[in-house]
Amino acid sequence: MLEIITFSTLNGVLYGMLLFMMASGLTLIFSMMGVLNFAHASFYMIGAYFGFEISRRIGFWPGFVVAPLLVGGVGALIERFGLRRVHGYGHVAELLFTFGLAFVIEELVNMFWGRLPVDYRVPPSLDFVAFKLFDTTYPAYRMFMLATAVAMFVFLILILKRTRVGLIIQAALTHPNMVAMLGHDVPTVFMLVFGVGAALAGLAGVIAGPALVTQPSMAGLLGPILFVVIVVGGLGSLTGAFLASLLIGLVQTFAVAINGSLFDLIGPTATTIFGELGSVTVAQIAPILPYLLLVVVLIVRPTGLFGNRET
Amino acid sequence: MRNLTLGVCVAALLTAGAARAEDTVKLGYIDPLSGGGASIGEVGLKHFQWLADQINASGGLMGKKLEILPFDDKVNPQEAVVQARKAIDAGARFITQGNGSSVASALIDFVQKFNDRNPGKETLYFNYAAVDTSLTNAKCSFWHFRWDANSTIKMAAITNYLKTQPSVKKVYIINQDYSFGQEVKKLANEMLKAKRPDVQIVGDELHPLLKVTDFAPYIAKIKASGADTVITGNWGQDMALLLKAAADAGLQVKWYTYYAGGAGGPTAIKQTGLDHKVFDVVEGNPNSAPPDAQKTEEEFRAKFNVTLWYPRAVNEMRMFQKAVTEAKSLDPKAVALKLEDMKVKTFDGGEGWMRKEDHQFHQDMYIRSFGALPKGAKFDEEKTGWGWTEVAKVAAKDTVVPTTCKMERP
Amino acid sequence: MTGASRTLLAFAAFAVILAIAPMVFASGTSVTMMSVMGVMIIFALSYNMLLGETGLLSFGHAVYYGLAGFFAAHAMNLARQQGLPVPLPVIPLVGGVAGLFFGVLFGAVSTRRAGTVFAMITLGLGELVSAFALLMRTFFGGEDGISTNRAKLLPVFGYKFGPQIQIYYLIAIWCFVCVALMYAITRTPLGRMCNAVRDNPERAEFVGYSAQRVRFIAFSLSATFAGVAGALSAINFELMNSHAAGAGQSGAVLLMTYVGGVGQFIGPIIGAVLITFLQTSLSDVTKAWMLYFGLLFIGVVLFAPGGISGWLALHAPLVRGGRIFRLAPAYALAALPFAALFVGMVLLIELSYHMLVDAASEGTKTSVFHIAMDGASAPPWIATVVLLVGGVLGLRAVWPKIGDAWAAATEPTGGEA
């Protein structure tokens, strides 16, 4: 039991940090531009594929550095030549633009790399066992992922708290109109934020690709969960996004470890009241728990746990 | 003037189309050709087009050429029904499909109703890969024939093999939470209890279908249970991610699977380095097949750059041709009657037999393990350098299980 | 001609089209496809009651369509087993009631807010329902879904509804009725209040209407019509499975509605017909059809935010003023570079698709538009680049001309405005 708790905590935190790498960019983009970017998880996927392509040609480490930059560039270009054009048509059009974009990106990835998972390997320099606890090994690569995520988190905090751009972004989180009125070049800041957000998602993809599976459906799997994270955390709140990421990471990991069902909890009455649902185990419904959380949080507190804006 | 020329051209095209329609026998191939399942559907299509070429080279069906008409069902049952309708409109009296038991079940239902409502226009459905046992039990139909071994037969083969493996003591069962996974779970429990009552089932898990991104928590549970063997029906990413997480956590067990050989499976196993620890159950193994089958396999690989995944498709098409020849007719009902109880030599050697009661094909099954190839073995998979080695053969007669099918015969 | 008589004429034309369509397109495939189109017209229009009329963006509209479909399928099976005297044509009412029930249930929690919060709640509800559909196997039938037999119900005037053509007319009648009803709703005070809530909820509140209540009513009505569509779909396919309530279906109805245009009542009808046609037919023509779908969607968002009907509506005053012909020369001029651009795009996609996906197993030779070409040789690629560059440059050159023509055509001449 202790073994399961230890490893579930580790894996849950890791998954949560991975979510946060994407959610941070997504929530920044949303707060500043009002766009819920459906294609955000697609940047994560492109990151993984760029990382794979570079790693098989040059090596993992060049890919680790270059791929996120490339993804950031792609993101900035999409903002400059696509999203900005749609901006005038309102938020719904922007949202639908990213919705279509996610679709096209998935198809392009299908075309270039095929529909089957690609062979994106953990670099040999990290392919060893980090530690062994209760007879279960924990790979060094996962520790590396965790370290990268934490480093990125610290880096993001420093930028936001210590730089001028960070100040503008922070101001724009709560008072986007006022920032524009103060005469800042808002379109460029938008492009920058969109590019950086994409690059962060790309970085998450580069490091998650070898540990999970790099395949065209990886964006579709994560996309909706990201929305859950930023909405539950509170739109526009980085702290909220961070805590919600960890919460969802841990909830999903721990739910898997629980075998119990309503039937086990309250006995046969469960099946009389809930029918088949009475015998469904917590582990079975692990992936839908985030959505349940989403709906409940929004009903009870439409601003999310830490947010103060609704739209 | 221009309009007239155009009209003539269109008319010419139409008549040409009509003339061609008379000439060929059409087999509608209904499977995913876009989206996530396309990589599998495309390979299946190549099998059938290639097999049609062979039939045509050997004189065709009653002197007519066989033509494969591809239709994209997007692995969606409702879409499959629309596409089947299109196939019939295009002149196909025979359709074949394999991916997705839910699609297969919708097609059986559709074909049955269509044949009831359109006497004289009957259509026959050949199933080459949908394995849900109920398709030849409760849902069985006279108009449906299945060449793939169903879930029950496959589990019977696995458990027959496990009977001979005393080292197996603690088994963990993990499956995807949908009809197929639930069936595998049920069969594994029943058959293990019957054939190996001494084996302890230390875990029995259902996880959500294609939604899990990290299997580490499941692996932690398997590890904690002390299992030495895992039985799973997982396929696709659920197979690959499961094995990956197992290798990461250093879990040393044997994996008995249905679909480790599916697309992407060999690549994933090679990545994890689980050498001869992953097993699957199939109707043919290229490395131990008879020489003529090996020759065919070589030709197929040279031409299409992929493994001949579906020996059962070869059996299907050869038996189709045989039935047409014996019936001296292209009428689906006459063909169906000849297919019943037909006995043939299967592609990978051994006797095969199409059971009349439920239209389920019975054939020798092979348990194989994936890993480094012994000397002399010719075929690796997905360019990994590793390949399948036969570890046991389960004779067709040992996989026969009774059916509950009550067929309405026309 | 007055507005009212024009509306009557439009509905009469709609009825005639519905009636004679299967005589013009008589093959089994087209009748099946047109049946699906009829269902989708209702579904897309019901969606536009939210998106277009009330300004509510939903990512889970298929929930009501799918759930109602299941209720309809169960109702049909029940009627058959119990021998109840229920004829098939009333089954869509079951769907409507089921849609209404779930609309009221989920609407009560989701319509308290508009905008992003509403969109996210619908997304969450959609995911929850499709996940529960797989857990509750007796009601939803797992992966296989619930199958039924429409021909085993009480016959009406000797019709047993086995043949597809009878189903087509059943759907057509229901489609006509629902379209008329939904049109009528847009003309009622409620319809106007929906628009007010969409455009300026604060003002609507000041006038004395509760924006929340208006949203709730619109949502429930929309779910009711979606339910009718779901029941008709169950009748049409004789099969309902969890796909129908899933995210894919919700995305499809959004696509239909938006591509058709949310600003005009006819928009979703155009979208439903076009997208259904493309969904069933495009996959026969090209393997890259999903890519075309995505590009079509992005293209509409970028260049025609009002959708197809919005673009057409721009021309309506010109047609009425009889001045549409002044645009003809400029449009004819633009047609050529536009066609070049289109052909160039198709060539690019098809060639790339072939070289990247199929070349490994089928060789580099392919054919696009029935023209044989070798993807490994230069000429097809050169042609692609020439067409693309030529198309873009050409369009840039003629664009000002179109602007001039528009200005000339719309220039007020005094009489009509």
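In what follows, every chain begins at residue 1, and chains take the letters A, B, ... in the order their sequences are listed.
Contacts with chain A were tallied for C:Val109, C:Leu255, C:Leu123; C:Val109 has the most, counting heavy-atom pairs under 4.5 Å. Your options are A:Thr98, A:Leu96, A:Leu292, A:Ile105, and the one with the most heavy-atom pairs under 4.5 Å with chain C is A:Leu96. Your options are C:Leu296, C:Leu254, C:Thr122, C:Ile349, and the one with the most heavy-atom pairs under 4.5 Å with chain A is C:Leu254.
Distance check: C:Arg113 CZ to C:Met120 CE gives 15.5 Å after rounding to the nearest 0.5 Å.
Of the atoms belonging to C:Leu291, heavy atoms from both backbone and side chain fall under 4.5 Å from chain A. For A:Phe103, the part lying near chain C is the side chain, with the backbone staying farther off; criterion is any non-hydrogen pair under 4.5 Å. Contacts between A:Tyr89 and chain C at a heavy-atom distance below 4.5 Å involve the side chain alone, from C-beta outward. If you measure heavy-atom distances from C:Ser352 to chain A, the contacts under 4.5 Å come from both the backbone and the side chain. With a threshold of 4.5 angstrom between heavy atoms, C:Tyr353 approaches chain A through its backbone and through its side chain. Contact annotation for C:Tyr292: neither backbone nor side-chain heavy atoms come within less than 4.5 Å of a heavy atom of chain A. Of the two parts of A:Leu101, the backbone and the side chain both hold a non-hydrogen atom closer than 4.5 Å to a non-hydrogen atom of chain C. Only the side chain of A:Leu95 has a heavy atom closer than 4.5 Å to any heavy atom of chain C. A:Leu294 touches chain C through its side chain: at least one heavy atom from C-beta onward sits under 4.5 Å away, while N, CA, C and O do not.
The heavy-atom pair separating A:Gly114 from A:Tyr49 by the smallest distance is O-OH, 4.5 Å. Listed here is the closest heavy atom pair of A:Pro216 and A:Met45: O-SD, 3.3 Å.
Between C:Phe139 and C:Phe70, the two ring planes are tilted [angle within 30° to 60°].
Residues A:Ser237 and A:Thr27 fail the side-chain proximity criterion, which asks for heavy atoms closer than 4.5 Å. Contact annotation: the side chain of C:Val63 never approaches that of C:Phe102 to less than 4.5 Å [non-hydrogen atoms, C-beta and beyond].
Residues passing the side-chain hydrogen bond (donor to acceptor under 3.5 Å, both in side chains) test with A:Glu107 are A:Asn110, sequence neighbours excluded.
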Donor-acceptor pairs under 3.5 Å, side chain of residues 223-234 of chain A to any protein atom, not counting sequence neighbours: which ones?
none

